[in-house]
2 protein chains.
Amino acid sequence: MNSSHFSISLHILTLLDKVNGQLLNSEYIAGSINCNPVLVRKELANLHKHGFVQSKEGKGGGSTLAKRPADINLGEVYKAVKQKGLLGESKNEPNPDCPVGKQITQQLNKLYSDAENALIKDLSLKTLKDFSLGFD
Amino acid sequence: MNSSHFSISLHILTLLDKVNGQLLNSEYIAGSINCNPVLVRKELANLHKHGFVQSKEGKGGGSTLAKRPADINLGEVYKAVKQKGLLGESKNEPNPDCPVGKQITQQLNKLYSDAENALIKDLSLKTLKDFSLGFD
DNA sequence: TTGTTCTGTAATAATAAAAGTTACAGTATG
DNA sequence: CATACTGTAACTTTTATTATTACAGAACAA
């Protein structure tokens, strides 16, 4: 993941929470986010794959939450949405002839994975319901 | 910050630790990282600004640590290196006419800042010395 | 059963961000 | 004064992200 995926997913989930089971279509959602509907549909496809939303195709179709907001944990959402590591994960290949270069990638990955777990643990303390209640 | 800044900075700091006070020039460092020397110099400029390294200009010049490795905390390095928020911080402007769009940026920033603090707290448990000792 | 309005997905184009490159003034050294 | 660095800026190339277009297939409603 990077920047926007998590933001967009949370925006979508919040909207779906707020309308209480009503189906929202991708164009409406995109209007709230101010982005392209296809981007929303891709994000919805991922949320669907991970069981957070349900979609209905065809006329009058749209998406709705597949779980109760109190059962949607933000740490889980993060993990579902994440595509690459938060830190690092570059295609850079350090010099294998240098003792530091040879091991740095592995060492950094370990460090990053610990740090990211701390972040996920923090996110896991909150549910969509909590997040959504923060809005007026 | 994003992806590489932290990785490059840590790579630099680790190299400087390993050579024990010896001056390393940007070309040598770039050779270990396998990137452009100018990129290294930019990263060094930032590390210098935050007091982690010292540089010497001119012939025979280069950089060295400005503190003992045990006094360089990875959480501090992270904060020094970070340029943008870890999550979010996009230029996207949600629809202000939508109740969710109107407040989402603020709500997300709050969430992200909490999560990032958890990550920093985790990184702060480690020093450059600890990190460096992880190498053979 | 046909027109309409959606989803889902792929292919492509436009835009933005990151990294690399070149260039050069200024500084230390011998 | 020649050499080898740093520090920085300007510019180019590459890569990643976002937007756009397009269309098959699903659901619905007349």
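Naming: A, B, ... by sequence-line order, numbering from 1 per chain.
- Rounding to whole angstrom units, CG of residue A:L23 and C1' of D:dA26 are separated by 14 Å.
- Residues A:D17 and A:S132 have side chains that bring a donor and an acceptor to within less than 3.5 angstrom of each other.
- One atom, CG of B:N92, and another, C1' of C:dT15, lie 15 Å apart when rounded to the nearest Å.
- Here the C1' atom of nucleotide D:dG25 and the NZ atom of A:K59 are 16 Å apart, to the nearest Å.
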What nitrogen or oxygen pairs link the protein and nucleotides 7-11 of chain C at under 3.5 Å?
residue	atom	partner	partner atom	Å
C:dT7	OP1	A:S26	N	3.0
C:dT7	OP2	A:S26	OG	2.9
C:dG8	N7	A:R41	NE	2.9
C:dG8	O6	A:R41	NH2	3.0
C:dT9	O4	A:R41	NH2	3.3

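- For the atom pair A:K82 NZ and A:I120 CD1, the distance stands at 6.5 Å (nearest 0.5 Å).
- Here D:dT18 presents its C1' atom at 17 Å from NE2 of A:H11, a figure rounded to the nearest Å.
- Summarising the geometry, atom CG belonging to B:L128 is positioned 8.5 Å from atom CG belonging to B:L16; distances are rounded to the nearest 0.5 Å.
- Rounded to whole Å, the distance from CD on A:Q54 to C1' on D:dA27 is 16 Å.
- Judged by distance alone, the side chains of B:S32 and A:N95 never bring a donor and an acceptor atom under 3.5 Å apart.
- Protein atom CD of A:E43 is 12 Å distant from nucleotide atom C1' of D:dT18, rounded to whole Å.
- Protein atom CD of B:E93 is 15 Å distant from nucleotide atom P of D:dT18, rounded to whole Å.
- To the nearest 0.5 angstrom, B:E43 atom CD is 12.5 Å from B:S26 atom OG.
- In this entry the distance linking CG of A:N36 with C1' of C:dA13 reads 12 Å, nearest Å.
- Judged by closest nucleotide on DNA chain D, A:P37 is the one of A:G60 and A:P37 placed further toward the 5' end.
- Side-chain polar atoms of A:E116 and A:Y78 form a donor-acceptor pair below 3.5 angstrom.
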